[in-house]
Amino acid sequence: MKHAKIRTALTAAAGAAALALGALGAAPAGAAPAPSSASAPGQGAAAAGFWACTVPAGKTYSDTDRRFLGDCNPDGWGTSYYVVDPADGIWACTVPSGFTYTDTDRRYRGDCNPQGYGTAYLLAEPRTGIWACTIPPGFTYTDTDRRYRGDCNPQGWGTSYLLAG
């Protein structure tokens with residue numbers, strides 16, 4: 001009788017564990033928690049978005065996930081992207097058309113590249129009076145600032161521009 005109760009308890013625990021592991025393995029990429037996008041990559045409030053295997057036109061992404069035999073490649077390694085709408089003040093892995101950036105962050109195996117070095121950009125809507133790392137169409141600049149490993153280039157010399165437009 002004692003062995004039967006122990007066997008029943010172990011069987012129930014093993015069954016619950018199997019169900020939990022099965023649910024984790026079967027969860028779609030979209031079920032993963034949202035990455036953050038505030039003061040620096042990996043910190044702060046999350047931008048609303050979704051996980052996908054490609055990044056649609058007009059969007060950007062703020063995180064990546066690479067898995068073997070995952071949702072984005074059932075035959076090998078595949079990368080999924082946390083797709084977000086571009087917006088002023090969010091960290092993103094690309095700079096979409098109509099935006100510039102005011103800071104960069106380069107990390108090994110960080111949000112923007114799960115395999116190597118990736119650069120994240122602090123997006124900015126172009127407007128007069130901001131220091132930006134690019135000169136968007138329709139704008140000019142009235143001053144420059146060149147720094148080694150500064151906001152516009154975490155690896156070398158970068159120039160920022162005081163936009164006017």
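It should be emphasised that the depicted structure is a prediction, and the values quoted were computed from it without experimental measurement. Numbers here simply count residues along the sequence, with the first being 1.
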Task: Non-hydrogen atoms of P56 and T54 that approach each other most closely - done: CD-O, 3.5 Å

Task: Contact summary for C133 and T100, nearest pair of heavy atoms - done: N-OG1, 4.0 Å

Open item on the list: Tell me the closest heavy-atom pair linking A124 and I130, and the distance in Å.
Closed with: CB-CD1, 4.0 Å

TODO: Assess whether side chain to side chain contact (heavy atoms under 4.5 Å, CB included) is satisfied between Y161 and T140, documenting all intermediate values.
DONE: CA-CA 9 Å; Y161 306 89; T140 187; over 6 Å; no

Task: Close side-chain approach of P96 to L123, heavy-atom, < 4.5 Å - done: yes

Task: side chain to side chain contact (heavy atoms under 4.5 Å, CB included) evaluation trace for D105 with W91 - done: CA-CA 9 Å; D105 185 49; W91 285 93; 3.8 Å; yes

TODO: Could you tell me the separation between the OH atom of Y121 and the OG1 atom of T134, rounded to the nearest 0.5 Å?
DONE: 10.5 Å

Task: Verify same cluster id: Y82, V95 (apolar side-chain graph, 4.5 Å) - done: yes

Open item on the list: For a quick test of reading the model, state the closest non-hydrogen atom pair linking T102 to W131 and the distance between them.
Closed with: CG2-O, 3.2 Å

Open item on the list: For the SG atom of C72 and the OH atom of Y81, what is their distance to the nearest 0.5 Å?
Closed with: 8.0 Å

Task: Donor-acceptor contact below 3.5 Å, side chain T79 vs main chain D65 - done: no

- [ ] Verify, without hydrogens or angle tests, whether T128 (side chain) and G165 (backbone) share a donor-acceptor contact under 3.5 angstrom.
- [x] yes

Task: Listed partners of R146 passing salt bridge (Lys or Arg N to Asp or Glu O under 4.0 Å), at least two apart - done: none

Task: Minimum heavy-atom distance between E125 and F99, given as atom pair plus value - done: CG-CE2, 3.5 Å

- [ ] Take R66 and T64 through the side chain to side chain contact (heavy atoms under 4.5 Å, CB included) test and state the conclusion after the steps.
- [x] CA-CA 7 Å; R66 183 168 163 83; T64 56; over 6 Å; no

Task: Side-chain heavy-atom pair K59, D85 within 4.5 angstrom cut-off - done: yes

Task: Pair D63-W51, side chain to side chain contact (heavy atoms under 4.5 Å, CB included): steps then yes or no - done: CA-CA 9 Å; D63 198 2; W51 286 97; 3.9 Å; yes

Task: T119 side chain to T104 side chain, donor-acceptor N/O pair below 3.5 angstrom - done: no

TODO: Output the distance between atom OH (Y148) and atom CH2 (W157), rounded to the nearest 0.5 Å.
DONE: 8.5 Å

Task: R127: partners by salt bridge (Lys or Arg N to Asp or Glu O under 4.0 Å), with sequence neighbours left out - done: D88

Task: Heavy-atom pair with the smallest gap, counting every atom of I135 and L163 - done: CA-CD2, 4.3 Å

Task: Greater than 12 external heavy atoms within 6.0 Å of Y141's OH - done: no

